[in-house]
Q: 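This is the structure I have questions about; it appears just below.
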Amino acid sequence: MSGQPASLAKIISTTWGPLKKLIAPLVFAAVLLAGCSAPEKDASYESVNSLAVAYEKAVDGVECGRTDRNIYDAGWDYVNCDKSDFVELFTSNELRTEVIAKNPLKAGQKLLLGTNWMIVAEQSKIEAAQEVLGGDVGR
């Protein structure tokens with residue numbers, strides 16, 4: 001019996017050693033790809049920061065700020081992206097309608113309206129974002 005554990009250990013070490021060299025890069029690649037996955041189309045978001053990340057992934061070259069504000073304090077929240085874009089998250093459609101009514105768009109700006117979110121940007125960015133994130137183009 002004392003020979004069996006040694007044999008099993010030898011089998012494991014001779015088999016597992018080469019397998020680790022093959023498996024480790026695959027696991028590493030899977031972890032990297034999980035972080036780079038495309039945003040879900042027509043999703044709702046839990047935070048304006050997660051919406052900002054999705055917008056950055058959807059439109060090449062866009063960089064958004066981040067916030068630690070609580071959306072429930074005011075019922076909505078936003079961050080700026082680049083110099084003139086906004087990503088906004090809402091707790092209700094009524095509040096989103098109110099924000100749109102009180103904040104007219106500047107020349108060249110369009111809206112992309114999602115389930116609980118809105119993006120304000122120039123038309124080319126809105127079109128690129130809609131292709132990835134879904135939503136409806138407004139005004």
Side-chain angles (χ1 to χ4, degrees):
M1 285 251 185
S2 64
Q4 281 184 326
S7 298
L8 184 57
K10 185 175 181 179
I11 291 170
I12 290 173
S13 68
T14 57
T15 306
W16 182 242
L19 281 177
K20 283 196 294 189
K21 290 179 182 176
L22 290 173
I23 293 173
L26 294 175
V27 170
F28 183 70
V31 169
L32 284 177
L33 289 175
C36 297
S37 63
E40 186 179 329
K41 204 166 195 175
D42 296 318
S44 61
Y45 294 90
E46 295 294 318
S47 75
V48 73
N49 292 334
S50 60
L51 174 58
V53 168
Y55 182 55
E56 289 171 335
K57 288 180 179 182
V59 182
D60 288 335
V62 168
E63 292 184 21
C64 298
R66 300 294 189 265
T67 183
D68 58 358
R69 293 182 302 261
N70 184 337
I71 187 172
Y72 297 103
D73 290 343
W76 71 288
D77 200 3
Y78 74 95
V79 294
N80 292 65
C81 301
D82 294 341
K83 293 182 181 180
S84 60
D85 303 355
F86 299 92
V87 295
E88 304 176 47
L89 195 66
F90 300 88
T91 57
S92 72
N93 285 331
E94 294 78 21
L95 197 53
R96 180 171 61 183
T97 301
E98 182 181 329
V99 168
I100 291 170
K102 290 181 178 179
N103 297 284
L105 297 175
K106 295 178 184 171
Q109 286 184 323
K110 295 285 184 190
L111 298 174
L112 182 60
L113 305 170
T115 52
N116 67 334
W117 52 270
M118 175 173 76
I119 298 172
V120 179
E122 63 187 48
Q123 184 163 342
S124 63
K125 290 180 182 178
I126 291 295
E127 289 170 357
Q130 183 184 32
E131 200 171 298
V132 175
L133 303 177
D136 298 309
V137 177
R139 298 197 248 165

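Residue numbers start at 1 and run along the sequence shown. Because the structure is a prediction, the values reported are computed rather than measured.
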Q: Quick check: is V99 connected to L113 through a chain of hydrophobic side chains (ILVMFWY, heavy atoms under 4.5 Å apart)?
A: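 Yes, L113 and V99 fall within the same hydrophobic cluster.
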Q: With a 3.5 Å distance limit and no angle check, can you tell me whether W117 reaches the backbone of L112 through a side-chain donor-acceptor pair?
A: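 Side chain of W117 to backbone of L112, a donor-acceptor pair under 3.5 Å: no, none is there.
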Q: For F90, which residues count as a ring pair (Phe, Tyr, Trp, His ring centres under 6.0 Å) partner, sequence neighbours excluded?
A: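 If we apply the ring pair (Phe, Tyr, Trp, His ring centres under 6.0 Å) test to F90, skipping adjacent residues, the hits are W76.
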Q: Strictly distance-based, threshold 3.5 Å: is any side-chain N or O of N49 a donor or acceptor partner for the main-chain N or O of T67?
A: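 Here the side-chain-to-backbone pair exists.
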Q: Measure the spacing between SG of C81 and NZ of K83 and express it to the nearest 0.5 Å.
A: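 Rounded to the nearest 0.5 Å, the SG-NZ separation comes to 14.5 Å.
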Q: Could I get the full list of salt bridge (Lys or Arg N to Asp or Glu O under 4.0 Å) partners for E56, not counting sequence neighbours?
A: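 E56 satisfies salt bridge (Lys or Arg N to Asp or Glu O under 4.0 Å) with R66 once adjacent residues are dropped.
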Q: Spell out, yes or no, whether I100 and V137 are grouped together once hydrophobic residues are joined by side-chain heavy atoms under 4.5 Å, including indirect joins.
A: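 I100 does not cluster with V137.
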Q: Please give me the minimum heavy-atom distance between V59 and A128, naming the atom from each residue.
A: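 That would be CG2-CB, 4.0 Å.
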Q: For K102, enumerate each residue passing the salt bridge (Lys or Arg N to Asp or Glu O under 4.0 Å) test, keeping only those at least two apart in sequence or located in another chain.
A: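 Applying salt bridge (Lys or Arg N to Asp or Glu O under 4.0 Å) to K102 gives E98.
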Q: Which residue pairs pass the side-chain hydrogen bond (donor to acceptor under 3.5 Å, both in side chains) test when at least one of the two sits in residues 127-138, sequence neighbours left out?
A: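 Residue pairs with at least one partner in residues 127-138: Q123-E127.
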Q: How far apart are the C-alpha atoms of L105 and L111, what are their side-chain angles, what is the distance that settles it, and do they pass the side chain to side chain contact (heavy atoms under 4.5 Å, CB included) test?
A: CA-CA 8 Å; L105 297 175; L111 298 174; 3.6 Å; yes
Q: Using the salt bridge (Lys or Arg N to Asp or Glu O under 4.0 Å) criterion, which residues pair with E63? Sequence neighbours excluded.
A: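 For E63 there are no salt bridge (Lys or Arg N to Asp or Glu O under 4.0 Å) partners, ignoring immediate neighbours.
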Q: Please test L133 against I119 for side chain to side chain contact (heavy atoms under 4.5 Å, CB included), starting from the C-alpha separation and ending with a verdict.
A: CA-CA 10 Å; L133 303 177; I119 298 172; 3.8 Å; yes
Q: Mind listing the closest non-hydrogen atom pair of A52 and V79 along with its distance?
A: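 Heavy-atom minimum between the residues: CB-CG2, 3.9 Å.
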Q: Which atom names give the shortest non-hydrogen contact between S47 and S50, and what distance separates them?
A: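 So the minimum-distance heavy-atom pair works out to O-OG, 2.8 Å.
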Q: Return yes when atom CG of D60 has more than 12 non-hydrogen atoms of other residues, nucleotides or ligands closer than 6.0 Å, and no otherwise.
A: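 At most 12 heavy atoms, drawn from other residues, nucleotides or ligands, come within 6.0 Å of this atom.
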Q: With salt bridge (Lys or Arg N to Asp or Glu O under 4.0 Å) as the rule and sequence neighbours excluded, what pairs involving residues 114-126 come up?
A: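 Residue pairs passing salt bridge (Lys or Arg N to Asp or Glu O under 4.0 Å), neighbours aside: D82-K125, D85-K125.
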Q: Can you see which heavy atom on N70 is nearest to which on Y72, and at what distance?
A: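 Heavy-atom minimum between the residues: OD1-N, 2.8 Å.
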Q: Which pair of heavy atoms, one from E88 and one from L51, lies closest together, and at what distance?
A: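 So the minimum-distance heavy-atom pair works out to O-CD2, 3.5 Å.
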Q: Do N116 side-chain atoms and Y45 backbone N/O form a donor-acceptor pair below 3.5 Å?
A: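 A pair under 3.5 Å: yes.
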Q: Answer with yes or no whether the hydrophobic clustering places M118 together with L95; edges join I, L, V, M, F, W, Y residues whose side-chain heavy atoms lie under 4.5 Å apart.
A: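 Yes; L95 is reachable from M118 via cluster members.
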Q: Hey, any chance I126 and V87 share a hydrophobic cluster, counting ILVMFWY side chains that come within less than 4.5 Å of each other, even indirectly?
A: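 Yes: a chain of side-chain contacts under 4.5 Å links I126 to V87.
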Q: If you define the side chain from C-beta out and look only at heavy atoms, does anything of N103 sit under 4.5 Å from V120?
A: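 No, too far: nothing below the 4.5 Å cut-off.
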